[in-house]
Amino acid sequence: MRVIADFHIHGRYSVATSKSMEIPEIARCARVKGLSLVGTGDFTHPKWLQHLHSTLREVEEMGLYVYEPLPSVYFMLTTEVETVFEHEGRVRRVHHVVLAPSFEVIEQINERLSRFGSLSKDGRPTLSMPASELVEELVQVSSDVEVFPAHVFTPWRSVLGAFGGFDSVEECYQDMSHKIHAIETGLSADPPMIWRLSRLDRFTLLSNSDSHSPQPHRIGREANVFELRKLCYREIIEAIRARDNSRLKMTIEVYPDYGKYHFDGHRSCKLPSGEPVVLSPREAMELGERCPVCGKKLTKGVMHRVEELADRPQGHRPEGSIPYVHMLPLAEVVAAATGSSPFSKAVSETCQRLISSFGSEFAVLLDAPVEEISRVSGSRVAEAVRRVRSGEVVVTPGFDGVYGKIVIFEEGG
Ligand SMILES: [Zn+2]
Ligand SMILES: [Zn+2]
Ligand SMILES: [Zn+2]
């Protein structure tokens, strides 16, 4: 059976998260999106944990949970934590995603982690401990717990990030590196970028939305497509650990240029043209990595960081790698086709018509024949979906916290 999973989201107690981010709404949006499995996020937070207890029911022997009114969407107990520690004279902040099989296991995890920082301040707690110690604590609770570094190339708070990161996964996790089987690509990077680093060949690449709001626009915008004989926690963990491309069939990726940290730049520094400072890695290097407006250090994007660490040219594909598709949220595609805002009423009505015709957003984006989309919503939306599928899309790169802009049709096209 096909299982589309998004392991990394945040609940309402995380900073900058929508207050409607609660289980019933997450389940509803996951179903609209076409996700069959979604992470709960934030299981370390006491109030969120209470909410999970009161809304979710364990499915017998699966290690997964459901919200009863919508039993077609499964939940996995997940969280994200930040570790902060000093290494070789610099403070390092790294985010990690944790997957767990049961409430009993997470009670023990929370008890251990609460010794390293407050779990109630933020849905994503900050823990004063080295990454290797985090992994050690987690595997001591249960060998079923899985942990992997989050959005590995974002400039801040990531294992390979330009500011406060490391040059390799091993440098970060030290003697516990062998327990790390996967890395999360993050929105601003995609598998072909990561394939340029031979030091990452052994890791399973996972893609998650890191969503802070429940709209189908955000949730599941990146996801993992499994083909499983049986849906259960253990099958999924085994597929991830084995980097098994017969079970983990592909990842769904936004165009990496769309991500908020693809290029270098300064969002609040304006050129004489009125445009903010956005630079490709090469342009930034020519300027000594300094902003041409304020002269300060640029926020180094993911592409630049990949360029620094890469030991291969573009185009290399490691053996056994997991396939991927580039995709964009349906509202973005319809908005680009119709020239309206993705949040407008007209766009939302078109999306709803498509979703009720084909079953879910992923069914529209991945599977529906173009002619049938055309019958439901007109030829321009159908053509937009076709172009997104075939990569005929231009995206002006995101930078310094600003999303990239999607161009599916050239002016007047
Ligand atoms: Zn994070
Ligand atoms: Zn996150
Ligand atoms: Zn500047």
Side-chain angles (χ1 to χ4, degrees), residues 5-18 21 26 38-45 48 76-84 92-99 117 119 121-127 131 134 147-165 172 182-189 206-214 218-223 254 259-261 263-279 283-284 287-302 304 399-402:
D6 177 359
F7 300 109
H8 180 179
I9 66 159
H10 291 280
R12 57 173 298 185
Y13 300 105
S14 270
V15 168
T17 299
S18 156
M21 207 56 169
I26 296 169
V38 56
T40 58
D42 301 358
F43 73 57
T44 31
H45 193 278
W48 187 246
M76 182 184 282
L77 300 170
T78 66
T79 194
E80 180 183 31
V81 301
E82 173 173 304
T83 55
V84 50
R92 319 287 181 128
R93 288 179 183 270
V94 178
H95 286 186
H96 320 261
V97 177
V98 183
L99 315 179
L119 301 186
K121 259 196 213 147
D122 186 349
R124 179 190 54 219
T126 301
L127 308 170
L134 170 73
V147 53
F148 56 87
H151 42 74
V152 292
F153 281 113
T154 50
W156 292 280
R157 300 177 165 84
S158 77
V159 65
L160 301 172
F163 308 119
C172 174
I183 59 178
E184 184 186 71
T185 59
L187 261 55
S188 299
L206 294 176
S207 280
N208 302 302
S209 69
D210 201 354
S211 181
H212 288 59
S213 84
R218 295 266 186 252
I219 211 164
R221 56 192 169 173
E222 295 211 327
V254 297
K260 290 194 282 189
Y261 292 103
F263 263 20
D264 297 8
H266 268 173
R267 64 193 297 179
S268 43
C269 289
K270 301 283 190 287
L271 295 164
S273 63
E275 296 291 314
V277 174
V278 193
L279 299 162
E283 291 165 334
L287 294 169
E289 304 187 5
R290 302 249 157 212
C291 172
V293 174
C294 72
K296 294 196 186 123
K297 256 192 147 170
L298 291 159
T299 301
K300 193 179 284 180
V302 165
H304 194 158
F399 66 98
D400 197 21
V402 179

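Order of appearance sets the numbers: ligands from 1, and atoms from 1 within every ligand. Residues: numbered from 1 along the sequence shown.
Distances from the Zn ion (ligand 1) to the N/O/S atoms of E80 are shortest for OE2. For H151, the N/O/S atom at the shortest distance from the Zn ion (ligand 1) is named NE2.
Rounding to 10°, one obtains 110° for the angle at the Zn ion (ligand 3) between SG (C294) and SG (C269). Angle SG(C291) to the Zn ion (ligand 3) to ND1(H266): 100° [nearest 10 degrees].
Side chain of R92 to backbone of G165: a donor-acceptor contact under 3.5 angstrom is found.
In summary, D210 places no N/O/S atom under 2.8 Å from the Zn ion (ligand 1), failing the contact criterion. When distances to the Zn ion (ligand 2) are checked against a cut-off of 2.8 Å, H95 contributes no N, O or S atom below that limit. Here H8 fails the criterion, with no N, O or S atom under 2.8 Å of the Zn ion (ligand 1).
At a cut-off of 3.5 Å, with distance as the only test, a side-chain donor of H10 or D42 sits close to an acceptor on the other residue. There is a side-chain donor-acceptor pair under 3.5 Å between T83 and H96.
For R93 against E82, the heavy-atom pair with the smallest separation is NH1-OE2, 2.5 Å.
Ring geometry for Y13 against W48 counts as perpendicular: the plane angle is over 60°, on a 0 to 90° scale with 30° as the lower cut.
You'll find the side chain of M21 reaches within 4.5 Å of the side chain of I26, heavy atoms only.
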